[in-house]
2 protein chains.
Amino acid sequence: MSLRMALLGLLEENGAASGYDLTKAFEKSTSNVWTAKHSQIYPELRKMETDGDVTAVAEGARGKRTYRITDEGRTELRRWLVETDPNRSTRSEACLRMFMLPLLEPEEAVPLLRAEAAVYDIRITRLRSIAERAREEERTQDWYQCLMGVNNMSGLRDWASFVADDIEKRAAGA
Amino acid sequence: MSLRMALLGLLEENGAASGYDLTKAFEKSTSNVWTAKHSQIYPELRKMETDGDVTAVAEGARGKRTYRITDEGRTELRRWLVETDPNRSTRSEACLRMFMLPLLEPEEAVPLLRAEAAVYDIRITRLRSIAERAREEERTQDWYQCLMGVNNMSGLRDWASFVADDIEKRAAGA
DNA sequence: AATAGCATGTAAGAAGTTACATGATTTC
DNA sequence: GAAATCATGTAACTTCTTACATGCTATT
């Protein structure tokens, strides 16, 4: 259900969009919380059309199909958000990896942790400026979404720095 | 590969373990970063045995099989950690949902966001105390892992609170 | 003797990835 | 006219979930 709900959410937020647009949207903002490739998105949109959650409002050049969320889709999205309880399990290969880095020897673990922290740092800076622009232009949804990314990544960056420091301290002490 | 690496990581960390033990471990600490059910874990362990990443070191009552990581498995895990670059995409239904809550009317979104924040708050408190115990008992790996959960959840909790406040403020202003 | 927990397994189906495939349009 | 980008599709494969299935052991 999650992919469908993500697509409905994007359509609700951005009005009409093509599979191509939605693929881009996944690459951009949504990728912090969910991912999907075009090979999954196109067939899902067709199924959603069959199920009445979306309608194709235009068919353009190069086979382009633009979809819009229907009232039925809107109701389904709402019900999912309000009435079902969330599956709180998470899958993040990057986190799994960081989780296990302390298994390595300090000389290996520390630089890898610092490198991770640096990667997140760059991403946070970039996302923060995108967030700021969204705020200024009063694209509130976008702003909130960017902030979630910033918060998530800040937690990871701080964790990686802290653990790197701690491992170093212990290695020095031993 | 992620499931396999997660299992190798757990075996490296905890010494020998059965599929049952590993399933428990996934439910506990690992679930913050990766999840797997027993129906996926048992067959994967058999495959890992065939591939030489683990060996069964004991077969006990009720068909119990205890596995240990081999040198080959250790090498594979190390290589994965050190040489391959991470897939940074994330899947979290709970985040996806929070991501979309601001699409609802303020009267609906705000209580749901506050409820989410409260759930995370409880979990953070619990995890922090588990972390503290791990630190005292010098189970350093466990400590780091708990802290990652704390950091991740704190980011989400703060985000939810902030967004709830912001929506309320805007609704009052409008 | 019933319940909870230990311990594993498999089959069917859903979800997700990788790779191949096609062709139009815009920009340089 | 080459390259980038727009735009969609599908087949084969891997991964993951749900549900069913079995039977032992410890506790109350």
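None of the values given here were measured: they were computed from a predicted structure. Chain A is the first sequence line, chain B the second, and so forth, proteins listed ahead of strands; every chain is numbered from 1.
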>> Checking B:Ser154 against B:Asn151: is there a side-chain donor and acceptor pair closer than 3.5 Å?
In response: no
>> Output the rounded distance in Å from CG (A:Leu7) to C1' (C:dA15).
In response: 13 Å
> To the nearest angstrom, how far is A:Trp34 atom CH2 from C:dA15 atom C1'?
Replying inline: 9 Å
> Quick one: does A:Glu76's side chain get under 4.5 Å of A:Trp80's, heavy atoms only?
Replying inline: no
> Is the charged tip of A:Arg88 near the ring of B:Tyr120: under 6.0 Å from the six-membered ring centre and within 45° of its axis?
Replying inline: yes
>> Would you say A:Gln40 places a side-chain N or O within less than 4.0 Å of OP1 or OP2 belonging to C:dA15?
In response: no
> Separation of B:Ile41 atom CD1 from D:dT17 atom C1', in whole Å?
Replying inline: 13 Å
> In terms of the nearest nucleotide of DNA chain C, which residue is placed more toward the 5' end: A:Ala61 or A:Ala36?
Replying inline: A:Ala36
>> If I take atom NE2 in residue A:His38 and atom P in nucleotide D:dC6, what distance separates them, rounded to the nearest angstrom?
In response: 14 Å
>> Can you identify which nucleotide, out of D:dT10, D:dT17, C:dT17, has its nearest atom closest to the A:Pro43 side chain?
In response: D:dT10
> OP1, OP2 of C:dG9 versus side-chain N and O of B:Tyr42: anything below 4.0 Å?
Replying inline: no
> In whole angstroms, how far is the C1' atom of C:dT8 from the CD atom of B:Glu44?
Replying inline: 16 Å
> Closest to the B:Ser39 side chain: C:dG9, D:dT8, D:dT18?
Replying inline: D:dT18
> Given atom OH of B:Tyr67 and atom P of C:dT8, what is their separation to the nearest angstrom?
Replying inline: 8 Å
> Of all the nucleotides listed (D:dT17, D:dT5, C:dC6), which has the minimum atom distance to the side chain of B:Lys24?
Replying inline: C:dC6
> Any donor-acceptor pair under 3.5 Å linking the side chain of B:Gln145 with the backbone of B:Thr30?
Replying inline: no
> To the side chain of A:Tyr20, which of D:dT8, C:dG5, D:dT17 is closest?
Replying inline: D:dT8
>> Are there over 12 heavy-atom neighbours, none belonging to A:Arg74, within less than 6.0 Å of that residue's CZ?
In response: yes
>> I need the NZ-C1' distance between B:Lys37 and C:dT8, as an integer number of Å.
In response: 17 Å
>> Applying a 4.0 Å non-hydrogen cut-off, can you work out what B:Arg91 is touching in the nucleic acid: base, sugar-phosphate, or nothing?
In response: sugar-phosphate
>> From the set C:dG9, C:dT18, D:dA7, return the single nucleotide nearest to any side-chain atom of A:Asp21.
In response: D:dA7
>> Can you measure B:Leu3 atom CG to C:dT17 atom P for me and round it to whole angstrom units?
In response: 15 Å
> Which is true for A:Ser18 with a 4.0 Å heavy-atom rule: it touches a base, it touches only sugar-phosphate, or it touches nothing?
Replying inline: sugar-phosphate
